[in-house]
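Working notes, beginning with the structure itself.
Below, chain A is the first sequence line, B the second, and so on; all start at residue 1.
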Number of protein chains: 2
Amino acid sequence: MPSNASRTWTISELAEEFSVTARALRFYEDKGLLNPARHGQARVFSATDRARLRLILRGKRVGFSLEEIREMLDLESITKGSPQHLGVWMKRFRARIEVLKQQRRDIEGAIEELEAGCAWMEARQADLEPSEELKSRARAFEALARARLEH
Amino acid sequence: MPSNASRTWTISELAEEFSVTARALRFYEDKGLLNPARHGQARVFSATDRARLRLILRGKRVGFSLEEIREMLDLESITKGSPQHLGVWMKRFRARIEVLKQQRRDIEGAIEELEAGCAWMEARQADLEPSEELKSRARAFEALARARLEH
DNA sequence: TTGTTACTTGACGTTAACGTAAGCGTTATA
DNA sequence: TATAACGCTTACGTTAACGTCAAGTAACAA
């Protein structure tokens, strides 16, 4: 059973698996986020590279820039740094945590609003005998819609 | 008591309140996200404009593009559309909800990792008699750190 | 040998979301 | 009356994260 542990991937295999382009992967290497081995000229990606890619894409999804991701991927430089250096990183981590928490609140709000919107549209589409629950959700949405232009 | 309901704001007042530049507000107007009244040449922002700005910034925080925000702000066009049009919007809403939920998962993962990282750094900094709880969180982080380069 | 396919390295192009600077008008204050 | 302070438009500049060629190489098939 090939457990992927010692497998290798070509650039287009990885690109396809993660739905990114080969260009993007080369770009990440250029920026120091990846450095796959080489076989001749061709890049050869290990399971480690693949894991890093996964982290890169996750980082992107939550809004980190590639530069930030690059810094964070390099745990060595954090663990080896002086205590002062450590303090700097702690501040940055904490600040980022706050940003992320705010972002989570925003996202939850957005999800609620979008779901209410869906309910409202469903009710509109059905139009005939909309269930009580749908109607109440629709009313909630209308209230929301009004509220968003006041306060 | 001036309840803000019939107040107006100048561009720099709003800019300061929301920590954006006047340039950004003009830009949003250019793109059709805001359209403040005018007094002569000068823009005059109403409470409604202010509420829209709040929504714009929230939309930005959760990753919507200005173009997407513009479309969503325009509820009229949704409510007035044909049922087919409505269906299109429902699909877009639902898709967006899925993206947001994935984003929330990512964010929660990132928060956990960053908090574990902070705990680990604290333990490192203290270095003297680190409490059992800190030590266990630190161990958790080290496990995480190893795990991230495997699987 | 000649394709065909996958990969490479430049190098320039593109888009979003503003920044920045120039030049000008209006209003408040010294 | 002049000199800020604030606002306006117009227009070019900037950054991140790639996209899009162009031109070349290495491996393998017919």
- Check whether any side-chain nitrogen or oxygen of B:T21 sits under 4.0 Å from OP1 or OP2 of C:dC18, and answer yes or no. no
- Between B:L66 and B:R23, whichever has its closest DNA chain C nucleotide further toward 5' is B:L66
- Message: Can a donor-acceptor pair be found, under 3.5 Å and without considering hydrogens, that links the side chain of B:Q102 to the backbone of B:V99?
- Response: no
- Does any N or O in the side chain of A:E108 come within less than 3.5 Å of the main-chain N or O of A:R105, such that one atom is a donor and the other an acceptor? no
- Item | Heavy-atom pair of closest approach, residues A:V44 and A:D49 | O-OD2, 3.9 Å
- Message: Heavy atoms within less than 4.0 Å of DNA chain C: which residues of residues 24-43 of chain B have one? Give them sorted by number.
- Response: B:A24, B:F27, B:Y28
- salt bridge (Lys or Arg N to Asp or Glu O under 4.0 Å) evaluation trace for A:E68 with A:R92: CA-CA 10 Å; A:E68 289 169 322; A:R92 299 175 73 172; over 6 Å; no
- Query: What is the distance from atom NZ of B:K101 to atom CG of A:L114, rounded to the nearest 0.5 Å?
  - Reply: 10.5 Å
- Would you name the heavy atoms of A:R70 and A:G32 that are closest together and state the gap between them? CG-O, 3.6 Å
- Task: For A:E16 and A:E13, indicate whether the former's side chain and the latter's backbone hold a donor-acceptor pair under 3.5 Å.
- Result: no
- Task: For the pair A:F93 and B:M121, evaluate side chain to side chain contact (heavy atoms under 4.5 Å, CB included) and give the outcome as yes or no after the intermediate values.
- Result: CA-CA 10 Å; A:F93 271 45; B:M121 287 192 269; 3.8 Å; yes
- Would you grab the first and last nucleotide of DNA chain D (5' to 3') that comes under 4.0 Å of any non-hydrogen atom in chain B? D:dC6 to D:dA11
